[in-house]
Amino acid sequence: MAPVEAGTREAVIGLRVQPPQQDFVGPAATALADAEHCPGSEPMAILRDGVPIGFYRIERNAAVIAGRDLGPGAFGLRSFFIDAAWQGRGLGTLALEAALADLCRRHAGARLLALTVNCRNHAALALYRGGGFEDSGELYHGGRSGPQHLLLRRLPG
Ligand SMILES: CC(C)(COP(=O)(O)OP(=O)(O)OC[C@H]1O[C@@H](n2cnc3c(N)ncnc32)[C@H](O)[C@@H]1OP(=O)(O)O)[C@@H](O)C(=O)NCCC(=O)NCCS
């Protein structure tokens with residue numbers, strides 16, 4: 001994992017998900033441009049041998065994700081994806097684990113990570129549950145493709 005920088009920016013913009021998955025994440029170019037304009041948002045590249053194969057954003061204020069205050073040390077994860085060519089090989093699982101470790105390394109005060117995931121997104125739900133996220137029981141209805149679960153992951157802190 002590494003922050004998106006000049007050397008990886010174009011490759012990140014070239015990453016794609018499968019067409020049906022576009023219901024669940026927007027284009028990398030849009031997410032990246034938005035992250036670059038939001039002071040609390042950190043655009044991150046998922047690297048394999050130094051080459052981007054995925055992307056995600058860390059939000060330093062989880063309220064951006066959850067729609068409410070989740071207390072001190074609560075961060076948000078959004079736009080997490082693995083390029084279509086690299087999916088289904090366990091890399092999402094490894095990347096999520098590495099993203100959590102990287103977050104804790106960069107932000108000593110991190111205690112909680114929040115994300116929303118579409119109720120129909122079975123691959124991502126399996127990924128996040130396997131990564132220790134728990135369903136808060138709350139449904140978020142602001143998504144563009146239907147209701148989303150709010151998932152929470154306690155961090156070792
Ligand atoms: C979700 C995503 C990141 C998973 O990446 P990946 O590299 O394919 O993940 P892995 O190979 O590590 O598999 C992770 C889990 O997802 C499951 N999975 C993968 N593809 C699946 C599919 N098409 N249907 C159901 N489950 C699937 C795997 O079985 C595994 O679960 P398990 O550990 O219980 O067996 C990837 O599918 C993706 O980028 N999707 C589009 C973007 C997206 O939806 N992001 C989430 C936004 S909240």
Side-chain angles (χ1 to χ4, degrees), residues 1-4 8-36 38 40-68 70 74-104 110 112-155:
M1 321 279 125
V4 178
T8 51
R9 199 173 185 284
E10 283 311 308
V12 166
I13 289 171
L15 298 173
R16 297 279 180 273
V17 294
Q18 298 169 32
Q21 296 172 338
Q22 291 168 5
D23 282 355
F24 307 137
V25 286
T30 309
L32 184 54
D34 189 54
E36 287 168 347
C38 297
S41 191
E42 300 174 0
M44 302 292 297
I46 298 168
L47 303 174
R48 183 180 179 277
D49 296 334
V51 177
I53 60 156
F55 174 79
Y56 63 97
R57 294 167 67 175
I58 292 293
E59 297 292 343
R60 291 199 283 271
N61 178 5
V64 171
I65 301 291
R68 63 182 173 86
L70 293 178
F75 286 68
L77 174 68
R78 74 200 295 187
S79 307
F80 184 97
F81 74 88
I82 298 290
D83 183 80
W86 292 99
Q87 292 178 15
R89 308 181 192 193
L91 293 172
T93 302
L94 289 176
L96 182 62
E97 205 175 294
L100 295 173
D102 183 78
L103 172 64
C104 294
L112 187 74
L113 187 60
L115 63 83
T116 56
V117 55
N118 191 286
C119 299
R120 295 183 289 116
N121 194 348
H122 304 295
L125 281 164
L127 171 76
Y128 295 136
R129 285 189 180 126
F133 282 82
E134 290 176 3
D135 195 337
S136 68
E138 291 174 43
L139 279 182
Y140 176 72
H141 292 280
R144 64 189 166 92
S145 302
Q148 297 181 293
H149 295 286
L150 173 65
L151 304 190
L152 302 174
R153 168 69 150 86
R154 303 243 157 246
L155 300 171

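In this chain, numbering begins with 1 at the start of the sequence shown. In listed order, ligands and their atoms are each counted from 1.
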Identify the protein heavy atom lying closest to atom 22 (C) of ligand 1, giving its residue, its atom name and the separation to 0.1 Å.
-> A123 CB, 3.7 Å

Please state whether N121 comes within less than 4.0 angstrom of ligand 1, counting heavy atoms only.
-> yes

Would you say atom 33 (O) of ligand 1 touches the protein, meaning some protein heavy atom is under 4.0 Å from it?
-> no

Step by step, work out the side chain to side chain contact (heavy atoms under 4.5 Å, CB included) result for R153 and L112.
-> CA-CA 6 Å; R153 168 69 150 86; L112 187 74; over 6 Å; no

Would you indicate which of Y56, F55, F81, F24 comes nearest to atom 42 (C) of ligand 1 when only heavy atoms are counted?
-> F81

Report yes if some N/O of G92 lies less than 3.5 Å from some N/O of ligand 1; otherwise report no.
-> yes

Test item: Q87 side-chain N/O and I82 main-chain N/O as donor-acceptor pair under 3.5 Å | yes

Which atoms from ligand 1 have a heavy atom of A124 less than 4.0 Å away?
-> 1 (C), 46 (C)

Near R89 (heavy-atom distance under 4.0 Å), the atoms of ligand 1 are 11 (O)

Return yes if some donor-acceptor pair links the side-chain N/O of N118 with the main-chain N/O of D23 below 3.5 Å, else return no.
-> no

Kindly identify the option in W86, F80, Y128 whose heavy atom sits closest to atom 45 (N) of ligand 1.
-> F80

How does V25 reach ligand 1, by side chain, by backbone, by both or by neither, if only non-hydrogen atoms under 4.0 Å count?
-> side chain

Identify the protein heavy atom lying closest to atom 39 (O) of ligand 1, giving its residue, its atom name and the separation to 0.1 Å.
-> I82 N, 2.9 Å

Structural part of T116 in contact with ligand 1, heavy atom criterion under 4.0 angstrom | backbone

Which residue and non-hydrogen atom of the protein lie closest to atom 30 (C) of ligand 1, and at what distance in Å?
-> A126 CB, 4.4 Å

Looking at side-chain heavy atoms only, is the closest gap between L115 and Y128 below 4.5 Å?
-> yes

What protein heavy atom sits nearest atom 8 (O) of ligand 1, and how far off is it?
-> G88 N, 2.7 Å

Sort out for me which residue in T8, D34, V12, L32 forms a side-chain contact (heavy atoms from CB on, under 4.5 Å) with P43.
-> L32

Taking heavy atoms and a distance under 4.0 Å, where does R78 meet ligand 1: side chain, backbone, both or neither?
-> neither

Supply the atom-to-atom distance L70 CG to R68 CZ, rounded to the nearest 0.5 angstrom.
-> 5.0 Å

Would you mind reporting whether R129 and L127 have side-chain heavy atoms less than 4.5 Å apart?
-> no

Tell me, which protein residue and heavy-atom name are nearest atom 36 (C) of ligand 1, and how many Å apart are they?
-> Q87 CD, 3.8 Å

Can you find an N/O atom of V17 closer than 3.5 Å to an N/O atom of ligand 1?
-> no

Closest protein heavy atom (residue, atom, distance) for atom 12 (O) of ligand 1 | T93 OG1, 2.6 Å

Under 4.0 angstrom from ligand 1, any heavy atom of G90?
-> yes

Counting N and O atoms only, with roles assigned by atom type, does the side chain of S136 sit under 3.5 Å from a partner on the main chain of L152, one being a donor and the other an acceptor?
-> no

Can you find a pair of side-chain heavy atoms, one from R78 and one from V64, that are under 4.5 Å apart?
-> yes

Which heavy atom of the protein is the closest neighbour of atom 2 (C) of ligand 1, given with residue, atom name and distance?
-> L127 CD2, 4.3 Å

Measure from the side-chain N and O atoms of R154 to the backbone N and O of E134, and report whether any donor-acceptor pair falls under 3.5 Å.
-> no

Donor-acceptor contact below 3.5 Å, side chain D83 vs main chain R16 | yes

So CD1 of I58 and CD1 of I65: to nearest 0.5 Å the spacing works out to 9.0 Å

